[in-house]
K.L.:
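Please see the structure below; I have some questions.
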Amino acid sequence: MGRTVGQAAGEHDGRPVPLHRHDVVVVGSANADLVVQVGRHPAPGETVLGSDLAVHPGGKGANQAVAAARLGARVALLGRVGTDGHGRLLRESLRRDGVDLSHLHDTPAASGVAMIAVGPRGDNSIIVAPGANSLLSEDDVRGAAPLLRSAPIVSLQLEIPMPAVLAAARLARRAVLNLSPATPVPDELLALCDPLVVNEHEAALVLGGMEDAARQAKALLALGPRSVVITLGADGAVTAEDGAVQPVPSPRVAPVDTTGAGDAFAGALAWRLARGDALADAAAFAARVGAATVRRPGAQNSYPTLAEVETL
């Protein structure tokens, strides 16, 4: 049996020597999540009362990094945070979960903030003010080239500038792109994705309204990525590669809060791909992580350990 990505290259004093220092390098955002529970989401122009404000560490990049680290991955985060109270909160949270912060740069600006309203069924609506995340540059990425080239997986999202995302994908051995928030991306970036990860709503936006997940997966694959994963919430996911589409189930749970569940899925997917799992197997594991996540409120606060996932 051949050696999979992430296994030992040899031995030193009888102990395995890793092929790489990190399993996953996340290039992305770190935000303070400002969360309010609401009885219903307001219509345009309407005001509704909500709960007291809660502040949690978040951001798609930081969320993915923490999700993977909680499961046992060795993770580094490349990004920017402000030199404000939110930045200190974000750094401390990431450090507590064992994320390598050597390439998380302090920036004389406000940290990114996400304003989140959570409805009674756990559904949410989110507005993001990027702050320091918007200052992550191609130079920052090129300065971390040895880090990016050494990791089996580089995980990307779109809460940072597109030039930085593209620069990271060019340097990656294997780039996983969560196309969120959904926005047009260069053909070159699509061609570097393995996989492109979207939810069903993002897929519909990219494709102009197509609804069937299997058809969406094939249509997305035709746009150029090497593989595709479409997440379907409680219905699991669909994977597509080499023209073949495969459904992936999810455990059934009672959702409390879906905030950050897609990021948990992406972080778990990246880790299992770094371990050498086949795409459908990695997605099946990630669906279990997502299901475990929605059973608790918050984003990073809700992310499970490997032992918790194994009970599902």
Side-chain angles (χ1 to χ4, degrees), residues 29-64 66-67 70 84-86 89-90 93 110-131 133 157-159 178-183 197-205 209 211 213 230-237 249-268 286-304 308-309 311-312:
S29 58
N31 294 325
D33 287 348
L34 311 184
V35 183
V36 174
Q37 305 281 334
V38 294
R40 60 182 176 82
H41 292 282
E46 182 184 16
T47 299
V48 299
L49 292 177
S51 68
D52 289 341
L53 179 71
V55 182
H56 303 292
K60 299 192 75 63
N63 286 352
Q64 290 181 12
V66 168
R70 291 257 176 99
D84 53 5
H86 288 153
L89 166 74
L90 294 167
S93 172
S111 296
V113 171
M115 292 155 280
I116 304 172
V118 180
R121 293 186 298 276
D123 53 315
N124 60 53
S125 57
I126 303 173
I127 300 172
V128 174
N133 296 302
Q157 332 77 37
L158 298 178
E159 287 184 338
N178 181 200
L179 203 155
S180 180
T183 188
V197 181
V198 293
N199 64 29
E200 53 194 319
H201 307 296
E202 291 156 355
L205 284 171
E211 294 182 356
I230 300 178
T231 62
L232 304 172
D235 293 326
S250 173
R252 291 289 176 176
V253 298
V256 172
D257 182 359
T258 60
T259 303
D263 300 330
F265 181 103
R288 292 168 63 196
V289 172
T293 294
V294 302
R295 297 184 300 176
R296 294 195 288 253
Q300 294 177 22
N301 295 339
S302 69
Y303 290 169
E308 289 172 321
V309 176
T311 64
L312 283 177

K.L.:
Quick one: does any side-chain atom of T293 pair with a main-chain N or O of V289 as donor and acceptor, under 3.5 Å?
P.N.:
yes
K.L.:
Testing the basics here: between A110 and D84, what is the closest heavy-atom pair and its distance to 0.1 Å?
P.N.:
CA-OD2, 3.5 Å
K.L.:
If every non-hydrogen atom of A114 is compared with every non-hydrogen atom of V128, which pair is closest and at what distance?
P.N.:
CB-CG2, 4.1 Å
K.L.:
Got a sec: does the CG of L53 have more than 12 other heavy atoms crowding it under 6.0 Å?
P.N.:
yes
K.L.:
State which residues pass salt bridge (charged side-chain N to carboxylate O under 4.0 Å, His left out) with R121; sequence neighbours excluded, sorted by chain then number.
P.N.:
none
K.L.:
So N133 and E159, do their side chains get closer than 4.5 Å, heavy atoms only?
P.N.:
no
K.L.:
Could you give all pairs that pass the side-chain hydrogen bond (donor to acceptor under 3.5 Å, both in side chains) test and reach residues 47-57, with sequence neighbours left out?
P.N.:
H56-N301
K.L.:
Is T311 reaching over with its side chain to a backbone N or O of E308, donor-acceptor style, under 3.5 angstrom?
P.N.:
yes
K.L.:
With sequence neighbours excluded, what pairs up with H41 under the side chain to side chain donor-acceptor pair (under 3.5 Å) test?
P.N.:
D123, S125
K.L.:
Name all residues meeting the side chain to side chain contact (heavy atoms under 4.5 Å, CB included) criterion together with E202; count only those two or more places apart in sequence or in a different chain, and write none if there are none.
P.N.:
N178, S180, A182, V198, N199
K.L.:
Find the distance between CG (L205) and CD (E200) and round it off to the nearest 0.5 Å.
P.N.:
11.5 Å
K.L.:
How far apart are the closest heavy atoms of Q300 and R70, and which atoms are they?
P.N.:
O-NH1, 2.8 Å
K.L.:
If I compare all heavy atoms of G50 with all of V38, which pair ends up nearest, and what's the gap?
P.N.:
CA-CG1, 4.3 Å
K.L.:
Do V113 and N31 have side chains that approach each other closer than 4.5 Å (heavy atoms only, starting at C-beta)?
P.N.:
no
K.L.:
Show your working on side-chain contact (heavy atoms from CB on, under 4.5 Å) between Y303 and D263 and close with a plain yes or no.
P.N.:
CA-CA 10 Å; Y303 290 169; D263 300 330; 3.6 Å; yes
K.L.:
Which atom names give the shortest non-hydrogen contact between P57 and N63, and what distance separates them?
P.N.:
O-OD1, 4.2 Å
K.L.:
Might you point out which heavy atoms bring S29 and Q157 nearest each other, and give the distance in Å?
P.N.:
N-OE1, 3.7 Å
K.L.:
Nearest 0.5 angstrom please: I127 CD1 to L34 CG, how far?
P.N.:
11.0 Å
K.L.:
Taking only distance into account, with no hydrogens and no angle test, what donor-acceptor pairs under 3.5 Å do side-chain atoms of residues 249-262 form with protein atoms, sequence neighbours excluded?
P.N.:
| residue | atom | partner | partner atom | Å |
| --- | --- | --- | --- | --- |
| R252 | NH2 | D235 | OD1 | 3.0 |
| D257 | OD1 | T259 | N | 2.9 |
| D257 | OD1 | T259 | OG1 | 2.7 |
| D257 | OD2 | G298 | N | 2.9 |
| T258 | OG1 | G122 | O | 2.8 |
| T258 | OG1 | N124 | ND2 | 3.2 |
| T259 | OG1 | N124 | ND2 | 3.2 |

K.L.:
Looking at residues at least two apart in the chain, or sitting in another chain, which of them share a salt bridge (charged side-chain N to carboxylate O under 4.0 Å, His left out) with R295?
P.N.:
none
